[in-house]
Amino acid sequence: MTLPELADRAIVLHARAADWREAVRIAGDALVDSGCTTAEYTEAMIRMVDDHGPYIVIAPGLALAHARPGADVRCDGLSVVTLAEPVEFGHAHNDPVRVVIGLAGVAPDAHLAAVAVLANAFNDPAAITAVAQATSREAVRAILDGKDPS
Amino acid sequence: MKIVTICGAGIGSSGILKVNAERVLQRLGLTATVVAADVASVDRVAADAQVILTSAEFVEAIGATHADVVVIENYFDSDELSRKLEAAIG
């Protein structure tokens, strides 16, 4: 299973974020820019963390920003943001975050297809560091496709 | 055997946990149904579950349940998942 190729606008390299809100907002803006969501979805992603805590930091260095499917989602989409400086999300084990993935799905089932692809790519323990250090969008796409990060 | 993965929205992180839990179960030779759900529906979805996989942030909200609540720190670490699933099921 592969994803439709990530648009250039969905990949933001070496972004600067002062805090976790800004980091999530950059991932949300990239989803908006690639036509998948409205700005309300970005706010919903931030609200998930306000409501439930930093659980979206699901592995060391990696945050999976997402909210529920709904009217503010136009298509299934992913965005990838690498941070120039790591950002603390307040997670007990997995801080600081170097990569933020934005995830949007029209319906829960469609959502899970993208999720399976992410699971494949990041089951390689080297993949998070490889994405964090990627110097080109092409390199990010290759890692998400499960190709050798080197 | 039913396992429920819980996150805030019932899709993103609980979806990752579902996919990886299914892989680990297959490797361990165990059969179970794995369902991803949001924390608001945990009472209904997990009523007949043996195990709930989630993050530390949701333990309090999940509250009293017959299932074993297992906290996963690294969703991509199949060794952690294997170890904790075996302990909960075995």
Side-chain angles (χ1 to χ4, degrees), chain A residues 1 27 41 44-70 73 76 78 89-95 99-128, chain B residues 3-28 32-46 52-63 69-85:
Chain A
M1 188 182 347
Y41 189 76
M45 296 200 302
I46 292 170
R47 212 155 46 237
M48 291 301 285
V49 178
D50 277 332
D51 288 352
H52 299 294
Y55 76 98
I56 63 168
V57 189
I58 58 172
L62 180 78
L64 178 67
H66 63 288
R68 290 187 179 81
V73 179
D76 295 335
L78 280 180
F89 275 56
H91 193 279
H93 301 280
N94 296 334
D95 267 344
V99 177
V100 183
I101 306 278
L103 175 69
V106 176
D109 290 348
H111 220 136
L112 285 171
V115 160
V117 170
L118 288 176
N120 272 335
F122 288 109
N123 273 341
D124 175 351
I128 296 171
Chain B
I3 296 171
V4 178
T5 63
I6 292 289
C7 79
I11 35 181
S13 19
S14 58
I16 297 264
L17 204 44
K18 170 181 151 74
V19 170
N20 286 338
E22 283 170 343
R23 284 183 188 161
V24 164
L25 288 166
Q26 197 176 14
R27 209 171 307 152
L28 294 172
T33 307
V34 187
V35 179
D38 70 322
V39 67
S41 60
V42 64
D43 286 346
R44 179 173 52 78
V45 178
I52 296 173
L53 299 176
T54 191
S55 292
E57 285 80 359
F58 294 109
V59 171
E60 198 182 328
I62 289 168
V69 179
V70 177
V71 171
I72 302 297
E73 285 160 11
N74 180 347
Y75 281 32
F76 293 112
D77 183 347
S78 51
D79 290 341
E80 180 187 353
L81 264 170
S82 279
R83 188 165 30 86
K84 291 180 174 175
L85 270 174

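Letters go in sequence order (proteins before strands), and every chain restarts at 1.
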Distance-minimising heavy-atom pair for [X] and [Y]:
{"X": "A:L103", "Y": "B:G12", "result": "CD2-CA, 3.7 Å"}
{"X": "A:P60", "Y": "B:N74", "result": "CD-ND2, 3.2 Å"}
{"X": "B:F76", "Y": "A:A59", "result": "CD1-CB, 3.6 Å"}
{"X": "B:R23", "Y": "A:N120", "result": "NH2-OD1, 2.6 Å"}
{"X": "A:I58", "Y": "B:S13", "result": "CG2-CB, 3.6 Å"}
{"X": "A:M48", "Y": "B:A9", "result": "CE-N, 3.2 Å"}

Quiz item: In Å, rounded to the nearest 0.5 Å, how long is the span from NE2 of A:H66 to OG of B:S14?
Solution: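 The NE2 atom of A:H66 sits 6.5 Å away from the OG atom of B:S14.
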Quiz item: For A:I101, is it the side chain, the backbone, both or neither that has a heavy atom under 4.5 Å from a heavy atom of chain B?
Solution: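 No part of it gets close to chain B.
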[X] side chain near [Y] side chain, heavy-atom distance below 4.5 Å:
{"X": "B:Y75", "Y": "A:L64", "answer": "no"}
{"X": "B:E57", "Y": "A:D51", "answer": "no"}
{"X": "B:N20", "Y": "A:N123", "answer": "yes"}

Practice problem: Return the option, out of B:A56, B:C7, B:G8, B:G10, with the maximum number of heavy-atom pairs under 4.5 Å with chain A. | Solution: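 Greatest number of close heavy-atom pairs with chain A: B:G8.
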Quiz item: Can you list the steps and then say if B:I11 with A:V115 is a side-chain contact (heavy atoms from CB on, under 4.5 Å)?
Solution: CA-CA 8 Å; B:I11 35 181; A:V115 160; over 6 Å; no
Exercise. Quick one: list whatever passes side-chain hydrogen bond (donor to acceptor under 3.5 Å, both in side chains) with B:S41, sequence neighbours left out.
Key: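 Here the qualifying residues are B:D38.
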Quiz item: Mind checking what makes side chain to side chain contact (heavy atoms under 4.5 Å, CB included) contact with B:V24, not counting sequence neighbours?
Solution: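 Side chain to side chain contact (heavy atoms under 4.5 Å, CB included) list for B:V24, sorted by chain: B:L28, B:S78, B:L81, B:S82, B:L85.
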Practice problem: Report the relative orientation of the aromatic rings in B:F58 and A:H52; use parallel for angles under 30°, tilted for 30 to 60°, perpendicular for over 60°. | Solution: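 Rings of B:F58 and A:H52: tilted, as their planes differ by 30° to 60°.
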Practice problem: Start with the C-alpha gap between A:F122 and B:I16, add the side-chain angles, then the distance that decides, and say whether side-chain contact (heavy atoms from CB on, under 4.5 Å) holds. | Solution: CA-CA 10 Å; A:F122 288 109; B:I16 297 264; over 6 Å; no
Quiz item: Which one, A:A44, A:A92, A:G53, A:P54, leads in non-hydrogen pairs under 4.5 Å with chain B?
Solution: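 Going by pairs under 4.5 Å, I would pick A:P54.
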